[in-house]
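Report on the structure given below.
Remember, it's a predicted structure, so these values are computed and weren't measured experimentally.
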Amino acid sequence: QVDLLESGGGLVQAGGSLRLSCEASGSIASINRMGWFRQAPGKERERVSCITITDSSTDYAGSVKGRFTISSDSAKNTVYLQMGSLKPEDTAIYYCAADESLGLPCSAVFNPGYEYDYWGRGTQVTVSS
């Protein structure tokens, strides 16, 4: 079992920055991939970014590429999402997720149909115009 706790959300003006954190606890040795997802009111959940723990490879949704950066700190069992040049359309609840499946980098399963094993409760990000 893996527990995930997100933090760092808040209210920011357009053009501003925020850094989200996701701290993992429990059976963290089993985690091979971690990702950030978001869901805006009335919309489906969408993938934002992912990182492969073994080789630190990453992937991003086109809408955030160049503005967001995902990273991990193994000593702190934490994954971060640095968000810059924020836009009102980035407003959503941001969820952290962890996956145990072996063998593939996160980019290989960075698609809407792939379901991660564990999910956090989310943190609200609101970008005002």
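One hydrophobic cluster holds both V127 and V64 under the rule that ILVMFWY side chains link at heavy-atom gaps under 4.5 Å. By the criterion of side-chain heavy atoms lying less than 4.5 angstrom apart, applied directly or through intervening Ile, Leu, Val, Met, Phe, Trp or Tyr residues, Y94 is grouped together with V12 in one hydrophobic cluster.
When every heavy atom of A14 is checked against every heavy atom of S129, the shortest pair comes out as CB-CA, 4.3 Å. Closest heavy-atom contact between Q1 and D3: NE2-OD1, 3.9 Å. In terms of heavy-atom proximity, M83 sits nearest to L86 at CB-CD2, 3.8 Å. Scanning both residues, Y95 and G120, for their nearest heavy atoms gives CD2-O, 3.6 Å. Contact record, L4 with A98: CD1-N, 3.6 Å, taken as the closest heavy-atom pair. Between C50 and F110, the shortest heavy-atom contact is SG-CD1, 3.6 Å.
We find the CG-CD1 distance between N77 and I28 to be 3.0 Å, quoted to the nearest 0.5 Å.
Listed for the T52 side chain is a donor-acceptor partner under 3.5 Å among the backbone atoms of C106. Checked by atom type and distance alone, the side chain of Y60 pairs as donor or acceptor with a backbone atom of I70 at under 3.5 Å. Judged by distance alone, with hydrogens and angles left aside, the side-chain atoms of R67 form a donor-acceptor pair with the main-chain N or O of S85 at under 3.5 Å. Side-chain atoms of D117 come within 3.5 Å of backbone atoms of E100 as a donor-acceptor pair (strictly under, hydrogens ignored). Looking at T123, its side chain never comes within 3.5 Å of a backbone N or O of S7 through a donor-acceptor pair.
Atom CD of E115 sits in a crowded spot, with more than 12 heavy atoms from other residues, nucleotides or ligands closer than 6.0 Å.
Between E6 and R121 no salt bridge is recorded (no basic side-chain N to carboxylate O distance below 4.0 Å).
Two residues are said to be in side-chain contact when any heavy atoms from C-beta on lie closer than 4.5 Å; S101 and N32 fail this criterion. A heavy-atom distance below 4.5 Å is found between the side chains of R38 and S63. For the pair V125/T91, no side-chain contact is recorded, criterion being any heavy-atom separation below 4.5 Å from C-beta on. No side-chain heavy atom of L81 sits under 4.5 Å from any side-chain heavy atom of V79. Annotation: side chain of S17 is in contact with side chain of Q82 (closest heavy-atom distance under 4.5 Å). Side-chain atoms of R45 and I93, non-hydrogen and from C-beta on, never get closer than 4.5 Å to each other. A 4.5 Å side-chain heavy-atom check between I31 and D99 finds every atom pair outside the cut-off.
For the pair R47 and F37, the NZ or CZ position fails the cation-pi test of under 6.0 Å to the six-membered ring centre and within 45 degrees of the ring normal.
The ring of F68 has its center no closer than 6.0 angstrom to the ring center of W36.
Among I53, L104, T54, the single residue meeting the side-chain contact (heavy atoms from CB on, under 4.5 Å) criterion with R33 is L104.
Side-chain contact check for R19 and Y80: no donor-acceptor pair (N or O, by modelled atom type) lies under 3.5 Å.
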Any chance you could lay out the side chain to side chain donor-acceptor pair (under 3.5 Å) test for Y118 and S30, step after step, and finish with the verdict?
-> CA-CA 11 Å; Y118 303 101; S30 67; 5.5 Å; no

